[in-house]
Asks: 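Would you mind keeping the following structure in view while I ask a few things?
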Amino acid sequence: MIIDRSHRGWLIGSLLLLALGGVLYVPYVLFSVTGVSGGSVAGLIYAGVGSAMMLFAGLLGFRRRHRIWRIGRATWWMRGHLWLGFLSFPFILFHAGFQLGNGPLTRVLMVLFLVVFISGIIGAVLQHFMPKVMTERVPMETVFDQIDRILDQLADEAEHIVSDINRALEQEIDREEVAEPLQAPGKTGKAGLATAPDERVSSKMTAFFKSQMKPYLVSRRNRKQLLADPVRAAAAIQQLKVLVPQSLWPKFDDLENICEEKRQLERQRQLHRILHGWLLFHVPASYALLLLGAVHAVMALRY
Amino acid sequence: MEQDFSATFVPRQQIQLTIDGKRVVIDGARGETTTIFEAAQKNGIVIPTLCHQQNEKPVGVCRLCVVDIGQRVYAASCVRLIEPGMQVKTSTEDIQGVRRTLLQLLMADHPSPCARQKLSGDCELERLAAQTGLSGSPFAPRAVPRGQDDSSLAISVNHEACILCDRCIRGCNEIRNNFVLARRGKGYQAGIAFDNNLPMGLSSCVSCGECMVSCPTGALTNKKTVDTNLGSGDPISLGDLQKVDVFRGVSGTFLNLNSNAVRRRTYKAGEVICKEGDYGSTAFYILEGKAEVFLSSPLAHVNTKGGKGFFSKLKTILEPSDRSPSTGPEKAYIPIDAPVDLPYNNRLAALEPGDLFGEMTCMNYYPRSATVRATTDCVVLEMLRNVLDMMRRNRSFRARIEQKYRQRALESHLRGIPIFSSVTPDFIANLRDRVELRQYSPGQMICRQGDPSHSFFLIRIGFVKVTETHPGGDLVLAYLGRGGFFGELSLLGGGVRTANCIALDHVEAVRIPVEDFNAMLERFPEVRRGLESVARERTLENRQRFMQIQSVPVDSFLSQGLMEAQSLLVLDLDKCTRCDQCVRACADAHDGVSRLIRDGLRLDHYLVATSCRQCKDPLCMVGCPVGAIRRRNSLEITIEDWCIGCGLCANNCPYGNINMQPIQVAVNDPARPGQKIAQVTTKATACNLCPDHDEPNCVYACPHDAAHRVNPRDFFAQLGKPTSKGYRP
């Protein structure tokens, strides 16, 4: 979610809450008899407030799962998740007295909290610019789940185009064979071409498709392949293009477009993973944090 | 005490005249264009004619229809308009003498028996001559023959038999708009000609046969039968066809030409004659036996889920919404392509001998609207469009169809109009007999914006496009099908049409004259009040829409038909994280099938998602055989639960926004009475903006404030001017 002017209310509210928490923390530190402790009254209040904020932030998952329940717009829940999740960190620090804690549980909790907090910050930052990057760098973007299907269709389309080219070349060969006796020796069949089309071009096309294009289109790990580089791809296709009649050149342009679309879809896959990859840490760490936090609360209060 | 409404219906203006001593009264508005011939025909008085034919503009050439109106010269009744107080005599001795002489003159040059008389025995000239008692002519035939033209593959031209009635010319020009035929020469050299007097086979003639069908004599006859083949069924001979009463009066030449375009079929009791949703091109006419027509598709609807749990109920208590939940369909009858409509609660009706069904399928190639099954052993005629077209032009056939419509369907149509819902049954019964049925060809303007209004229309078959003319172009307001109506507001608001109404295909409409309409308003004041309220709302909507149109630079977004949209689902790609929450929310709300695709046209950094655009010109609505896809008095397009799943709307939508969704329903198990069985039926589905909620589910579920339903004009006008709340409409 992009934090823009529409978050003004949340920002002001959060700053006020933080200021209040901070203002109350100073006398707590200065005048505490037993010292700053998570089990003190002030510490427990900070823990309660911080936990409530974390709990609300955690409820975003529940809201996302029940998408059509009319319990507040998802946008409002996301804003709450961002700001209250952010605010929970200083409040928990206030609760912990800016310490890691004495036992392994509290230390693990703090580490988890840091993971959740930092991954959340990273996610929020990514969401500020990655969508724009995707829009600009992937004009041929499609639905992420459909990428494999689209790539299969591209491979089929490329195969059909290559078949069409070969068929056209065969017809050209037949025409040349008929017209050959009528030509003066030494003349080329078409003006402006280096060589007349022959069977070798057709087999070159087929070999190019089988060895380069099809593997490139169907494979996923293909950074080192020839067609993954737009410049090298254009050069390779151009080398074939000049061997055929001009009437067939638009088909080679189509092949180039297919390769470009494949590159863009792979780029989309990459960017999509970057945009969503941080969730692989954030979500499980959040659940673990909430669970262990509950254990910590029970253990700390009871024992 | 039974109330007599006849006095209520006395028109304010009427034309009274006398024909052969019989008092004839013609309605004021209609009287202005009624000829003596038409007035006589309506009152059962037959005036012979040769050059006049229904559906063609009269020209008064043959003079056989002359009548005595008390003036110095006799008037040709086919062109002379009636006047108040006119005294007409159609068959005095003098007039009969005149006709006899005319027939003798015509028969002098006529090669009796002509080709038509030999082929089908219905040459109109020879028939009239026989009726008059003429066996030959005392006049000498012409010395110089006019010749024949056999250059056409389909039609033989015998100028000897031509009586220069011009019916072929009018048929070619007025009916078919081919403009091949015309007159050539003067006086005794006059004749008909093709293009610049070319032989017919070398002209631009397309051999449609209209000239031949129009020709009253054997001047234009067919050379061969049209090679149509309806497949199975028994062929029916010309003689047998002419015995069928609906084909009496239809040109024998035409029937002979198209003998393979009509077949006799027999069905045993229980056999299905046609199935709903199937595409076809034929109509059926029941000769013997009975059939039933019904909708076999179970009523089913994918309701929009969500918002019915505890929190929503609580929200409703805390914040009562202005929106009332959808309570079901407004129509009590489902319009189908048959003489009768089906009641919503019991979708079954009976068909009897003389009933015609499948007109819309035959004329306009729409899918079959219902299933017809023989209840007893049945004999039907199945016919192609050209035969049905000819039958529809036959006056007696049309009268029969009209009568059936009045008896069986008109009342339900009238009751289906909200303004007639509170009118008493006696009033409806009176109105039923006074209304007029009119036919309109595809593209014909029924009424034009700004013209004075004299009537209110109710559609029997076909589709009517209602548009509003603005400086930037025409705005489509609605497509109206069977049971639809228009014209009521203009009658109320000073008598000027507020929109253009154009026949999209072959339309038949019931016309209720202004006098009867006003009588209803006087008699039932609540109807007037209801109508005035609707008129106020619509005027306000029109004004707002007009202001919106004026304020927008229309050239900005003409691509991909965005200008046609009234509501777009727009995703801000700079905010959208491609989480697909919008798509999943839509699927969750609609039985797991999403009505939107997060892909489509891109403009700047916005994506116009593939989802129903609630188009101004809803092409999806055209041709629905059961009127299931429609707009209620609001923006969203609704598909009702009696959709038969034919898929026509999905094919019509140019943006692929309508999908055919399989829905599981529980129906009675025929093998186990009292038990239910699951059956999968297919229904059309499209985004309907989740009408039970303030916001569509897709927008509500977007966590990044990226999805918005916007009015495209407002949205694109504000592009580049973000507000603090984004682009919410």
Side-chain angles (χ1 to χ4, degrees), chain A residues 1-9 60-82 123-147 149-150 268-269 271-279, chain B residues 304-316 319 321 571-590 597-600 602 604-607 609-610 690 692-708 722-726 728:
Chain A
M1 166 166 260
I2 290 182
I3 297 171
D4 55 19
R5 275 194 220 168
S6 60
H7 287 243
R8 205 165 22 206
L60 179 66
F62 175 82
R63 174 66 185 86
R64 282 171 67 100
R65 200 162 297 122
H66 299 280
R67 300 171 193 100
I68 58 176
W69 284 21
R70 295 275 154 164
I71 49 173
R73 298 182 86 237
T75 309
W76 182 85
W77 279 84
M78 180 60 89
R79 284 178 187 167
H81 174 88
L82 279 175
V125 167
L126 282 173
Q127 287 179 358
H128 272 73
F129 68 89
M130 282 301 292
K132 194 166 182 175
V133 168
M134 282 183 82
T135 308
E136 286 168 1
R137 295 190 63 197
V138 193
M140 294 183 185
E141 184 183 348
T142 186
V143 179
F144 181 77
D145 294 333
Q146 297 293 316
I147 288 179
R149 196 154 169 251
I150 300 285
Q268 179 189 345
R269 235 202 281 256
L271 293 173
H272 188 91
R273 284 191 187 122
I274 294 171
L275 185 55
H276 293 96
W278 59 278
L279 286 165
Chain B
T304 300
K305 288 185 190 149
K308 291 193 177 145
F310 170 76
F311 290 107
S312 271
K313 284 181 187 154
L314 184 64
K315 185 170 185 273
T316 310
E319 299 174 15
S321 169
L571 304 178
D572 184 344
L573 291 174
D574 283 353
K575 292 182 181 177
C576 175
T577 62
R578 288 68 168 168
C579 64
D580 276 337
Q581 283 289 99
C582 47
V583 177
R584 289 179 197 157
C586 185
D588 286 351
H590 300 108
I597 300 173
R598 195 178 50 76
D599 203 355
R602 290 193 179 197
D604 193 21
H605 59 92
Y606 294 99
L607 173 75
T610 301
C690 300
D692 294 341
H693 304 294
D694 294 333
E695 243 179 350
N697 280 294
C698 51
V699 174
Y700 195 73
C702 175
H704 303 287
D705 199 26
H708 302 284
T723 66
S724 59
K725 292 190 178 178
R728 251 175 263 164

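Order of the sequence lines fixes the chain letters, A, B, ..., with proteins taken first and strands second; residue numbering starts at 1 for each chain.
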Asks: Do A:W69 and A:F62 have ring centroids that are under 6.0 Å from one another?
Replies: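 Yes - the distance between ring centres of A:F62 and A:W69 falls below the 6.0 Å cut-off.
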
Asks: Mind checking what makes side-chain contact (heavy atoms from CB on, under 4.5 Å) contact with A:R137, not counting sequence neighbours?
Replies: A:V133, A:R267

Asks: Go through B:T577, B:D580, B:I597 and name the one with the most non-hydrogen pairs under 4.5 angstrom from chain A.
Replies: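 Greatest number of close heavy-atom pairs with chain A: B:T577.
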
Asks: Do A:R70 and B:N697 touch side chain to side chain, with heavy atoms closer than 4.5 Å?
Replies: yes

Asks: A:L82: what forms a side-chain contact (heavy atoms from CB on, under 4.5 Å) with it, not counting sequence neighbours?
Replies: A:M1, A:I3, A:H7, A:A124

Asks: Given that the side chain runs from C-beta out, which part of A:M134 has a heavy atom under 4.5 Å from chain B: side chain, backbone, both or neither?
Replies: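 When you check distances to chain B, atoms from both the backbone and side chain of A:M134 fall under 4.5 Å.
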
Asks: Please identify, among A:I2, A:L60, A:D145, the residue contributing the most non-hydrogen atom pairs under 4.5 Å to chain B.
Replies: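 Looking at each of A:I2, A:L60, A:D145 in turn, A:I2 comes out on top.
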
Asks: Side chain, backbone, both or neither: which part of A:E141 has an atom under 4.5 Å from a heavy atom of chain B?
Replies: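 Both parts, backbone and side chain.
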
Asks: Checking heavy atoms, do the side chain of A:R64, its backbone, both or neither come under 4.5 Å from chain B?
Replies: both

Asks: Against chain B, label A:H276 side chain, backbone, both or neither, depending on which of its atoms sit under 4.5 Å from a heavy atom there.
Replies: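 Side chain of A:H276 only, per the 4.5 Å heavy-atom cut-off to chain B.
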
Asks: Taking every heavy-atom pair that is under 4.5 Å apart, which of B:R584, B:H704, B:R598, B:R578 has the most such pairs with chain A?
Replies: B:R578

Asks: Counting heavy-atom pairs closer than 4.5 Å to chain A, which one of B:P703, B:A701, B:A706 comes out on top?
Replies: B:P703

Asks: Considering only heavy atoms, which portion of B:C582 lies under 4.5 Å from any heavy atom of chain A: side chain, backbone, both, or neither?
Replies: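 The answer is neither part of B:C582.
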
Asks: From B:K575 NZ over to A:T135 OG1, what is the distance, rounded to the nearest 0.5 angstrom?
Replies: 13.0 Å

Asks: To the closest 0.5 Å, what do you measure between CG (B:D588) and CZ (A:R65)?
Replies: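 The distance works out to 11.5 Å.
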
Asks: Crowded around B:R602 CZ? As in, over 12 foreign heavy atoms under 6.0 Å?
Replies: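 Atom CZ in B:R602 is crowded, with more than 12 foreign heavy atoms closer than 6.0 Å.
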
Asks: Less than 4.5 Å to any heavy atom of chain B: does that hold for the side chain of A:H272, its backbone, both, or neither?
Replies: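 Side chain of A:H272 only, per the 4.5 Å heavy-atom cut-off to chain B.
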
